[in-house]
Amino acid sequence: MSPPAAPPPFRLLLHSRDGCIPHLTPRLIRLIFSQDDEDSSKEEWQWYRSHVILGVAVKDTCVTPLYSNKRKREDSKSDGMKKIKTADAVGKVQHCSAVEGYRDISADNKKPSGYTFLKADKAGAICQAVDSNFYPSIKGKESPLHDVSGIGNNTETKTSSYVHTYLRLPNYIQTMVVPTFSFAAQEIDEGDLNNGKKYISKRPQSQKNQPSHQERSKDKKKEQQIPNGTQKSVPIDTPHGWQCVTPEQYGDAVASLIVRGTKSANDAGAVGLFDSLDMSNYANVLIEDSSGNGSSCQPNQEAGTAAAALQKQALKKISTSFQKCTSWATSVRNCMPNSLTCMGCSMWIPVNIFSSFLPRHVLSKCFVSSHVDRKNILVESSNVAIVGYDTIPSQFHGTHRRRLLHDLISAVQSISTSESKQCAKQFLVLAVNDVKSILDAAREGVSIIGTDLARLWSCSRTASVLDLSLSLAKESIDSEVISSKSTTAVHGRIDLSQIQYANDCEPILRGCTCLTCRPRQASKRPAGYLHYEQRAEDSEAKIPSFSRAYIHHLIQAKEMLADTLLFIHNLHQMVQLVRLLSEAALLDTLKESCETDRLHSTSNLESFCQRIERQL
Amino acid sequence: MTEAFFSARRRTCALNDPMIRSPGQSFRASPRRCLLRCLCTRFPPLPSPEDFPKWAFEPKPYFRFDILHQSKKSLARVGQITTPHGVIDTPGFVAVGTNAALKAIDFPSANNAGQQLIFSNTYHLMLHPGTDTIKEAGGIHKFTGRLNHPFITDSGGFQVFSLAYGSVQESLESGGELKRSKPRGNKRHWRSDVTGQNAVTVTEDHVIFKSYRDGSKVLLTPESSIQAQKAIGADIIIPLDELPPHHIDRDMLAKSLERSHRWEVRSLREHLKDSQTRQQAIFCVVHGGTDVQLRTKSLDYLTSLPWDGYAIGGSLGNGREELKTLLNWMMPLFNTEERKGKCRHLLGIADVQSVQNAVRMGVDTMDSAYPTKLARHGTLMTQAGLIRIKRGQHAKSYGIKIDDSCDCSTCIHYDRAYMCHLFKFFNFSESNEENLLYRNTHFVMNAAKANEPLGLQLASVHNIYFMNKMMAAIRSKIYDGEI
């Protein structure tokens with residue numbers, strides 16, 4: 001199977017905090033994302049490449065310290081920035097000196113006076129420095145992160161972007177720039193992770209006697225309220241604390257991350273800036289009301305009016321935030337240099353999930369009026385990023401979430417088709433925290449699904465054991481097997497820190513082909529000890545690379561290797577899931593084109609999703 | 001007056017079983033009391049080489065040490081150890097993976113960085129996951145999935161020392177004071193007993209530890225240590241020994257040496273029962289502290305027995321200079337005709353300066369957790385010395401390689417500025433140190449908090465690669481006649 005030319009129907013947006021793939025050293029990236037040297041028949045690397053998009057968060061990667069010269073305090077701008085700017089204006093030769101100037105300043109006063117966001121000129125200077133210092137020194141050496149053509153070839157390196165040059169993300173993986181994945185990142189223990197929570201509560205009393213560490217942290221959490229954004233800027237939680245970012249700054253950061261010479265083929269675009277919309281107080285009213293029988297539930301008139309007032313407030317809040325997002329999206333786009341838009345760098349317009357409550361005329365009016373030149377950015381752009389999906393309170397996790405998603409998508413779709421005759425939009429969900437949402441999103445036609453689940457699961461020491469058999473046909477047999485097998489699995493995952501896995505020599509999931517689970521390859525013995533009798537090797541084929549017992553031991557011994565192994569497995573499961581979803585969807589489209597009467601046959605995608613849901 | 005004093009003394013000796021003592025008590029007891037005890041207890045004489053079967057002295061098919069090149073300038077030699085699971089080039093660096101896993105490195109990366117032999121600890125593996133688990137999995141190689149590379153396991157003798165005194169460095173700094181646990185309120189917590197005076201009880205027959213995991217008692221005899229190591233199935237095993245601290249008087253050292261010898265002989269006997277079917281090699285541990293006479297005695301006796309190699313243990317002096325002088329006079333003793341053919345392992349020391357001298361004096365392999373520990377604290381080893389990557393000065397060294405001459409996968413991909421960035425804001429080990437205790441129970445909370453250990457992984461890969469490359473350079477230097 002060669003990698004399809006067109007992107008697959010569904011892709012996974014992997015949250016890569018800090019511009020690196022978590023847990024994966026270059027060696028492992030090579031093993032996972034590149035062709036296996038020993039077994040060239042394996043195709044996994046190809047679908048890893050085609051189905052994974054790395055999300056680079058501006059909040060983690062683009063915050064740079066701002067050094068001000070103390071002797072010239074009246075200068076509001078930092079000296080360094082100025083130098084870079086002049087150098088940029090003069091030309092290429094002075095770039096290096098500008099970087100040196102930087103170093104001098106940073107040596108003078110170590111503590112930065114503040115933080116700022118990356119600008120294109122500075123990113124250019126950094127890239128140039130890397131190019132001039134780094135690439136010559138590693139020329140001709142094996143480089144697992146870049147394709148053979150990517151490095152050593154001078155013309156290529158000079159044009160590669162900041163993401164590939166400085167952050168050194170592999171140039172064969174698609175990247176996407178986002179401001180931040182979620183504002184609700186602190187409250188991760190909701191959603192799919194409550195499995196682990198239950199486990200804690202089940203622990204013996206010794207646990208209770210201990211200082212309630214969790215409670216304390218919760219208190220802390222409450223203190224760390226998200227600061228309010230203004231009309232012009234939004235605060236995001238960077239490694240240096242909360243920083244306000246304006247759309248202009250964000251546009252600069254995006255430009256500096258992506259732009260440099262030619263556009264890379266693996267550039268999935270950028271998501272516009274959005275703000276946090278805390279609807280936890282209003283969600284109750286909104287969702288219950290919209291479910292149809294809201295009026296009958298309300299016992300008296302007073303409550304009804306209160307609810308109506310609340311609802312009004314909520315709608316107002318949503319519409320302002322919606323307005324903000326769309327206007328910001330335009331200004332971000334205006335900030336980006338023309339070359340970028342010409343190259344077709346796609347811009348994803350953020351739309352909050354709650355926007356589906358807005359009446360249709362508000363939706364359409366909102367962005368028409370916000371825009372100066374009367375060009376509707378939402379209509380114009382073919383890409384919509386749905387944000388705030390993970391902020392939906394957990395009591396509405398059942399059917400409500402999917403309905404919200406459905407409403408929003410159909411609303412946006414209908415507006416765009418009515419206003420201009422354009423092709424269907426692409427949708428993206430930025431952050432989901434459970435498998436069911438992935439399935440829901442896929443069924444609603446969201447093409448890029450962002451998640452940090454693989455990392456979160458491995459941090460909570462659980463491994464996904466979803467049975468993702470390749471063939472979509474056999475259903476009934478599978479479900480029986482699963483029900484007997486997965487007695488220990490909760491929500492499709494097993495907690496490897498439990499004692500029952502201490503002597504379990506099985507791989508995490510039998511038949512899994514990830515680096516952690518797949519059987520050990522036939523051992524190659526160095527020539528040095530062939531003199532010694534050959535040990536029995538046929539049994540070795542059945543040994544998993546890493547057994548459950550070993551991972552359990554690593555968890556208990558607090559070794560970091562456990563996280564890495566679990567991450568590799570969980571990532572594999574996620575990619576596998578998304579790939580199978582794509583396959584099912586492709587099959588469906590094939591069917592549609594072939595058959596006209598598909599009334600009695602359920603779609604592959606639906607049946608696959610149901611199969612997975614049964615395991616959750 | 002003196003008579004009364006003596007009788008009182010004698011009575012305490014009689015009251016206590018003379019065999020039982022805690023290490024701290026007796027090491028600091030007065031010489032007179034030691035003398036008394038020596039008179040009280042008599043041990044059977046140590047067996048002579050003739051007491052062992054003849055076949056034990058013959059070279060083993062599964063374990064071979066070949067000297068490929070002997071330097072003419074010094075005692076240094078280039079060799080190759082062949083084990084059932086792979087070869088080890090000597091002089092070689094042995095990384096320490098106490099819990100059958102290297103800290104912050106995965107095995108593919110470590111193997112790729114040239115790491116051949118890995119040092120694991122029987123004591124820790126006995127506590128978790130337990131030797132039965134490893135045996136069921138088919139030995140440490142299959143358990144860890146590292147099939148084609150050799151392992152060596154320590155006996156647990158080091159824990160006799162470290163649980164009571166802390167690390168070697170701590171013991172040297174405190175002058176032999178016992179490790180004190182922090183008081184935790186009025187209540188006695190089991191954790192207060194797993195280190196310090198109450199942690200270890202040493203008798204002639206066995207050592208009793210308190211498990212650091214749950215406070216339960218663990219009994220370790222020379223025989224059980226070997227049996228555990230048989231179950232673990234490393235390629236090289238080490239007999240149980242007692243590691244006395246640096247600051248004890250000579251009589252105590254002599255007594256400890258005697259005991260170590262007795263333990264090691266018992267271990268060897270246990271090992272020889274089925275050594276032919278098991279394909280494990282056993283190294284002796286030469287003791288004697290920094291005392292010339294005792295070292296010589298230990299060396300002479302142990303090298304006469306059928307060991308497969310020699311490990312140099314015990315107290316190796318305070319600081320690098322003492323180690324240097326110790327090696328300078330001791331290593332030539334190994335250079336006799338019958339001792340030459342076996343490999344020598346230096347236990348627990350492999351910093352850059354010591355390695356140079358040790359290799360010159362003919363040490364073949366040496367283990368240390370030093371490189372990986374440095375890496376986890378943000379220090380990278382380079383040709384030009386150590387680099388503390390977390391310092392602000394590296395924050396802007398865009399495109400500057402960590403080490404110009406290094407070809408490890410970290411150096412090829414990441415520059416100093418990016419490493420600094422990774423370490424500064426995503427340092428897992430330091431910021432979350434206190435959370436580690438709660439890590440298993442509160443993992444959900446930490447799931448959000450735990451930062452990416454990628455920086456640690458990258459640094460560890462670099463340091464492991466650096467050590468192995470340094471050893472490779474030393475090997476080629478020996479070939480070229482420079483050392």
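Letters A, B, ... are given to chains in the order of the sequence lines, protein chains preceding strands, and every chain is numbered from 1.
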Take I105(B) and L561(A) through the side-chain contact (heavy atoms from CB on, under 4.5 Å) test and state the conclusion after the steps. CA-CA 6 Å; I105(B) 298 203; L561(A) 184 57; over 6 Å; no
Please identify which of these residues, T410(B), V461(B), L458(B), meets the side chain to side chain contact (heavy atoms under 4.5 Å, CB included) condition with P26(A). L458(B)
Whether F107(B) and Y550(A) hold their rings parallel, tilted or perpendicular, with breakpoints at 30° and 60°: parallel
Given heavy-atom pairs under 4.5 angstrom as the criterion, report whether the side chain, backbone, both or neither of L102(B) touches chain A. backbone
Identify which part of A417(B) has an atom lying under 4.5 Å from any heavy atom of chain A, answering side chain, backbone, both or neither. both
Could you state the interatomic distance from OH (Y418(B)) to CD1 (I126(A)), rounded to the nearest 0.5 Å? 12.5 Å
I'd like to know whether the aromatic ring centres of H124(B) and H553(A) sit less than 6.0 Å apart in this structure. no
Please give me the minimum heavy-atom distance between A137(B) and C505(A), naming the atom from each residue. CA-SG, 3.8 Å
Identify which of T98(B), L127(B), D106(B), D66(B) forms the greatest number of heavy-atom pairs closer than 4.5 Å to chain A. D106(B)
Do N99(B) and L554(A) make a side-chain contact, defined as non-hydrogen atoms from C-beta onward lying under 4.5 Å apart? no
When only pairs under 4.5 Å are counted, which of L565(A), T564(A), L28(A) shares the most heavy-atom pairs with chain B? L28(A)
Compare all side-chain heavy atoms of H128(B) with those of H552(A) and state whether any distance is below 4.5 angstrom. yes
Rounded at 0.5 Å granularity, tell me how far NZ in K103(B) sits from NZ in K558(A). 10.0 Å
Give, as side chain, backbone, both or neither, the part of L125(B) having an atom under 4.5 angstrom from any heavy atom of chain A. side chain
So CG of L454(B) and CE of M560(A): to nearest 0.5 Å the spacing works out to 11.5 Å
CD1-OG distance between I29(A) and S409(B), expressed to the nearest 0.5 angstrom: 9.5 Å
Contact part of A557(A) toward chain B, heavy-atom cut-off under 4.5 Å: side chain, backbone, both or neither? both
Separation between CG of N503(A) and CG of D132(B), rounded to the nearest 0.5 Å: 7.5 Å
Looking at every heavy atom in both T144(B) and F546(A), which two are closest together, and how far apart are they? O-CE2, 3.2 Å
Mind checking what makes side-chain hydrogen bond (donor to acceptor under 3.5 Å, both in side chains) contact with K60(B), not counting sequence neighbours? D308(B)
